[in-house]
Amino acid sequence: MVIAQNVSKFLSNTSNTVKFICGVTIFFYLLSYSESVRLAILSYLAVTPGYLLPPSCWIWTAFTYCFIELHLWEVLADLLTIVLTHKLIEPLWGQAEILLFFIIVNFSVAILSSLYYLVIFVCTKDAEFLFTDSSSHIRGLSGYLGGICVAVRQVMPDLLIAKSRFGVLTNRDIPLTLVCIIIVLSCLGLLDHTFPLMFISGLLVSFIYLRFFQRHGNRSRGDNAENFTFASFFPRIVQPVITILVNPIHLCFLRLNIVSSNQAELLPVTTSSVMISSFDPQNIERRRQIALKALSERLSKTNESNRQQLVQHQQQQQKINTNLPSTSSTTTLVEIEQNSNVEPSQSKQFGGA
């Protein structure tokens, strides 16, 4: 009962999208306490690479696997991350865009992860990676959490998190830092082997979608900002190498008309391209809209707090006003008694005179 109340309080003032994701995740986690139900969930709702790919094509698992968590710490991490980040991003994007982002990232992560196991099968000729290996079950929201990291990095300005003699850590370094930590924990056996695979897939899918395909209110697509390039996710010392590796892929996408030719390169090479990317009218307008939405949300919160303070002040004033008549009447009675005591004494004095 206490847990349910705490969860309800935690999810208060959140959108229906967030409540749906959290509610379904908690529901399937509670069902997993039954051994037979857990096996059925993993078999028919989690992604098994051999069944998702043709000829089986269990396509529904690409939409249900993200709600399957078997450990309490995974559920708590999912709830905390989703609620906090959605409160940050959803006022800027809206519920419809958040839901679309959720579907695109999770569906793409399921496909990419299955293709990864298909490559392993081709190299090893071991069908267990596709069908019977329990460690290859693709489940959970780790891919979506990777996508959220990219979205938060895009929305938030550069912030200093930590500073040491080895360098500084900003919010721009969070995605790569989390990738390194997750890989280490997976090698130590503290995380499932699918966790880093899904997390990295979520990072890639989220970046491609936000960089090139996300539609905005001014009918523009993508994000041409100079500080939101693929190479900018890496330390500056290796960014030129990353640029050499990814620019041919970008040129290939341009020739196939997968991305628009008027969008910026993955990493601007010259100073002029940096200036053009930074002062792109569409980019400026999009960021202006984001700033206006954030400002309006803060103003609404400020007005709400001021209104509550005004109501409390009026209530206190009413209490004071209701107490005033009783106090004045008591004072009047005391004065009348004092006057009545004074008048007989004065009459005696006059009589003696």
Side-chain angles (χ1 to χ4, degrees), residues 16-29 31-32 37-71 74-75 77-79 81-82 85-86 93 95-122 127-151 182 186 191-210 212-214 258:
N16 295 329
T17 303
V18 175
K19 292 178 181 177
F20 174 78
I21 296 172
C22 297
V24 176
T25 303
I26 294 173
F27 174 73
F28 282 117
Y29 170 71
L31 290 180
S32 66
V37 175
R38 181 173 61 181
L39 293 176
I41 289 175
L42 291 176
S43 300
Y44 297 104
L45 296 181
V47 170
T48 303
Y51 293 132
L52 178 63
L53 300 173
S56 299
C57 290
W58 288 12
I59 197 66
W60 69 85
T61 59
F63 298 97
T64 58
Y65 80 97
C66 54
F67 303 110
I68 311 302
E69 296 286 14
L70 303 180
H71 305 290
E74 293 176 341
V75 176
D78 292 346
L79 297 182
T81 304
I82 289 174
T85 53
H86 277 242
W93 289 5
Q95 292 190 35
E97 179 61 29
I98 280 287
L99 184 59
L100 179 63
F101 180 75
F102 179 83
I103 294 173
I104 290 175
V105 171
N106 284 302
F107 182 81
S108 303
V109 166
I111 300 298
L112 290 178
S113 301
S114 300
L115 292 177
Y116 167 79
Y117 282 106
L118 180 61
V119 172
I120 293 181
F121 166 72
V122 172
E128 289 186 357
F129 289 103
L130 293 179
F131 297 99
T132 59
D133 190 359
S134 60
S135 63
S136 64
H137 283 303
I138 300 170
R139 59 173 183 80
L141 282 169
S142 54
Y144 184 64
L145 298 183
I148 284 293
C149 289
V150 178
I182 288 171
S186 179
L191 291 176
D192 295 336
H193 296 298
T194 58
F195 201 99
L197 170 64
M198 296 172 61
F199 190 86
I200 295 173
S201 300
L203 289 176
L204 294 175
V205 171
S206 177
F207 170 76
I208 293 173
Y209 173 72
L210 297 177
F212 299 108
F213 299 105
Q214 186 185 35
I258 297 177

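Quantities reported herein were computed from a predicted structural model and do not represent experimental measurements.
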Hey, could you give me the [atom1]/[atom2] distance between [X] and [Y], rounded to the nearest 0.5 Å?
X	Y	atom1	atom2	result
His137	Ile41	NE2	CD1	12.0 Å
Leu79	Glu69	CG	CD	9.5 Å
Thr64	Ile59	OG1	CD1	10.5 Å
Leu42	Tyr65	CG	OH	14.5 Å
Tyr144	Ile82	OH	CD1	6.5 Å
Cys149	Leu203	SG	CG	6.5 Å

(Q) One pair to check against side-chain contact (heavy atoms from CB on, under 4.5 Å): Tyr209 and Val150. What are the steps and the verdict? (A) CA-CA 10 Å; Tyr209 173 72; Val150 178; over 6 Å; no
**Q.** From CA spacing to verdict: side-chain contact (heavy atoms from CB on, under 4.5 Å), Phe28, Leu45
**A.** CA-CA 10 Å; Phe28 282 117; Leu45 296 181; 3.5 Å; yes
Minimum-distance pair of heavy atoms, taken over all atoms of [X] and [Y]:
X	Y	result
Trp93	Ala151	CH2-CB, 3.7 Å
Gly140	Met198	O-CE, 3.5 Å
Tyr116	Leu197	CD2-CD2, 3.2 Å

Q: Output all residues satisfying side chain to side chain contact (heavy atoms under 4.5 Å, CB included) with Tyr51, sequence neighbours left out; order by chain, then residue number.
A: Thr48, Ser56, Trp58, Phe131
Q) Does any N or O in the side chain of Ser43 come within less than 3.5 Å of the main-chain N or O of Ala40, such that one atom is a donor and the other an acceptor? A)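 No, the answer is negative, given that no donor and acceptor are paired below the 3.5 Å cut-off.
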Q) Has the side chain of Thr25 got a donor or acceptor atom that lies under 3.5 Å from a matching backbone atom of Ile21? A)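 Yes; at least one donor-acceptor contact below 3.5 Å.
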Q. Taking atom CZ of Phe101 as the centre, does the number of heavy atoms from other residues, nucleotides or ligands within less than 6.0 Å exceed 12?
A.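 Counting neighbours around CZ of Phe101, more than 12 heavy atoms of other residues, nucleotides or ligands fall under 6.0 Å, so yes.
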(Q) Take a 6.0 Å sphere around OH of Tyr44 and say whether it holds more than 12 heavy atoms from other residues, nucleotides or ligands. (A)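 No - once you tally the heavy atoms of other residues, nucleotides and ligands closer than 6.0 Å, there are 12 at most.
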What side-chain donor-acceptor pairs closer than 3.5 Å can you find for residues 104-113, not counting sequence neighbours?
unit_1: Asn106; atom_1: ND2; unit_2: Phe102; atom_2: O; d: 2.8
unit_1: Ser108; atom_1: OG; unit_2: Ile104; atom_2: O; d: 2.8
unit_1: Ser113; atom_1: OG; unit_2: Val109; atom_2: O; d: 2.8

Q: Give the intermediate values and the outcome of side-chain contact (heavy atoms from CB on, under 4.5 Å) for residues Leu115 and Leu118.
A: CA-CA 5 Å; Leu115 292 177; Leu118 180 61; 4.3 Å; yes
Q. Step by step, would you call Phe195 with Ser142 a side-chain contact (heavy atoms from CB on, under 4.5 Å)?
A. CA-CA 6 Å; Phe195 201 99; Ser142 54; 3.5 Å; yes
